[in-house]
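So the structure is just underneath, and the comments pick up after that.
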Amino acid sequence: MKEILLLFSVLLIGSCGSSHKSSHSQSTANKADKFMDRATFYAESITSAELKTYLYTYASDEFEGRNTGEPGQKKAVAYLQKQYEKMGIPSPIAKGDYFQEIPASYFRGGIKASENVLAYIEGSEKPEEVIVISSHLDHIGVDGEGNVFNGADDDGSGTVSMLEMAQAFAMAKKKGEGPKRTILFLHVTGEEKGLYGSRYYTEHPVFPLENTIANLNIDMIGRVDEAHEATGNPNYIYLIGSDRLSTELHAISEQVNATYTNLELDYKYNDEGDLNRFYYRSDHYNFAKNNIPIIFYFNGTHEDYHRITDTPDKIAYELMTTRAKLVFYTAWELANRQERIQVDGIGE
């Protein structure tokens with residue numbers, strides 16, 4: 001009888017331990033699920049109305065086409081600084097200093113000194129690991145007849161989307177639910193002149209490149225190209241480079257889209273034989289050259305590309321909002337997952 005009681009006691013203890021362990025695992029999983037659900041709460045702060053308000057200012061004639069080093073571009077960077085200050089989002093350079101200065105000697109062709117704009121949300125658990133969200137702040141200025149190239153899509157759309165994402169992450173941080181890793185919002189200059197700003201940043205990084213785990217680069221996400229107009233399917237985004245350096249990044253991107261935004265992810269321009277060579281033509285490339293996994297978000301070219309007709313009234317704001325949310329959700333996942341993504345590919 002004693003042996004039977006002893007055996008029963010052992011089984012009972014084992015059962016309780018197993019039950020506790022199972023309960024604990026389930027609780028941990030539930031907390032993780034709840035935390036990821038909070039991503040939706042913060043993503044809802046990214047709205048078409050706010051994007052439209054930002055873009056009608058940023059792509060207005062007042063900014064004179066944001067030509068690198070020129071007065072209009074200086075107005076643009078001052079505007080970006082003002083928005084980050086209003087949101088209470090600091091610079092990683094120094095208090096009140098959001099500009100990474102680039103001397104005129106760095107540029108070719110007589111371009112004047114210019115600057116990148118940097119703001120960041122410091123990570124709560126792994127602040128040394130950094131996700132960079134980037135877009136270029138410049139455009140091509142004014143022509144000889146005084147016509148302004150407003151660049152609403154190129155790349156006003158990416159620029160103002162970053163402001164909305166920054167607001168969402170800042171809201172999360174204020175509620176004690178900020179990203180575990182640091183998010184750097186990097187607005188680069190001189191893209192139209194030859195990817196100068198992103199090259200300068202990767203040569204003079206504020207955060208070590210070895211700790212930069214991914215770059216999500218946004219260059220034109222406000223329009224629909226002719227190919228998708230022809231099919232009647234505007235709910236798409238071209239993704240370029242997502243699988244070049246990290247198959248894990250590609251898988252995360254696919255899963256995030258399936259869970260939250262359900263856009264058609266079009267990889268047409270990701271083909272290594274693509275004659276447009278878009279992989280080499282925007283700011284993500286300077287990160288990829290340094291073995292940092294990247295995704296380039298792009299809506300494709302259209303009839304107003306690099307013309308004075310690229311204006312804010314032609315932007316598809318609801319679609320742009322969904323695309324911006326896709327970038328936000330991807331950054332949220334990268335910032336909060338337990339392990340940093342692995343590099344297992346070749347970017348060149």
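Side-chain atoms are counted along with the backbone in the values below, which use heavy atoms only and exclude waters and symmetry mates. Residues: numbered from 1 along the sequence shown.
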**Q.** Nearest-0.5 Å distance, CD1 of residue I341 to CG of residue L249
**A.** 4.5 Å
(Q) Is there a continuous path of hydrophobic side-chain contacts, each under 4.5 Å between heavy atoms, that joins L263 to L334? (A) yes
Q: Could you tell me whether the side chain of H136 reaches within less than 4.5 Å of the side chain of D219, counting heavy atoms only?
A: yes
Q.
In the structure I gave you, are the side-chain heavy atoms of K180 and Q338 within less than 4.5 Å of one another anywhere?
A. no
Q. Are N270 and D243 close enough that a side-chain donor and a side-chain acceptor fall under 3.5 Å?
A. yes
**Q.** Flag for D283-S134: side-chain donor and acceptor within less than 3.5 Å
**A.** no
Q) Looking just at side-chain N and O atoms, do Q73 and E115 make a donor-acceptor pair shorter than 3.5 Å? A) yes
Q: For the residue pair N233 and E264, confirm or rule out a side-chain donor-acceptor distance under 3.5 Å.
A: yes
(Q) Could you check whether D310 and H302, counting side-chain N and O atoms only, form a donor-acceptor pair closer than 3.5 Å? (A) no
Q. Looking at Y236 and N299, what are the two nearest heavy atoms and their distance?
A. OH-O, 2.6 Å
Q: Could you tell me whether R66 sits above the aromatic face of F63, with NZ or CZ closer than 6.0 angstrom to the six-membered ring centre and within 45 degrees of the axis?
A: no
Q.
Using the ring centroid of each side chain, check whether F298 and H284 are separated by less than 6.0 Å.
A. no
Q.
In this structure, would F107 and V188 fall into the same cluster of hydrophobic residues linked by side-chain contacts under 4.5 Å?
A. no
(Q) Could you check whether S282 and N217, counting side-chain N and O atoms only, form a donor-acceptor pair closer than 3.5 Å? (A) yes
Q. With hydrophobic residues grouped by side-chain heavy-atom distances under 4.5 Å, do I102 and Y98 end up in a single group?
A. no
Q.
Donor-acceptor check, side chain of T321 to backbone of S48, threshold 3.5 angstrom: yes or no?
A. yes
(Q) Within the supplied structure, the quantity of interest is the number of heavy atoms (other residues, nucleotides, ligands) at a distance under 6.0 Å from E226 CD; does it exceed 12? (A) no
Q: Show your working on side-chain contact (heavy atoms from CB on, under 4.5 Å) between Y329 and T40 and close with a plain yes or no.
A: CA-CA 8 Å; Y329 284 125; T40 301; 3.7 Å; yes
(Q) Aromatic contact between Y200 and Y106, with the criterion being ring centroids under 6.0 Å apart: yes or no? (A) yes
Q) Can we call the ring centroids of F296 and Y279 under 6.0 Å apart? A) no
Q.
Centroid separation under 6.0 Å, is that true for the rings of Y267 and Y238?
A. no
Q. In terms of the angle between their ring planes, are Y120 and F207 parallel, tilted or perpendicular, with boundaries placed at 30° and 60°?
A. tilted
**Q.** Side-chain donor-acceptor contact under 3.5 Å, T259 with Q255
**A.** yes
Q) Can a cation-pi geometry be assigned to R323 and F328, taking NZ or CZ under 6.0 Å from the six-membered ring centre and within 45° of the ring axis? A) no
(Q) Show the nearest heavy-atom pair for residues D138 and E191, with the distance to one decimal. (A) OD2-N, 3.1 Å
Q. With no hydrogens and no angle check, is any side-chain donor or acceptor of S246 less than 3.5 Å from a backbone partner on S242?
A. no
Q. Does V77 share a hydrophobic cluster with V142, counting links as ILVMFWY side-chain heavy atoms below 4.5 Å and allowing steps through other members?
A. no
Q: Spell out, yes or no, whether I237 and I315 are grouped together once hydrophobic residues are joined by side-chain heavy atoms under 4.5 Å, including indirect joins.
A: yes
Q: Step through the shown structure and confirm whether more than 12 heavy atoms of other residues, nucleotides or ligands are within 6.0 Å of NZ on K75.
A: yes
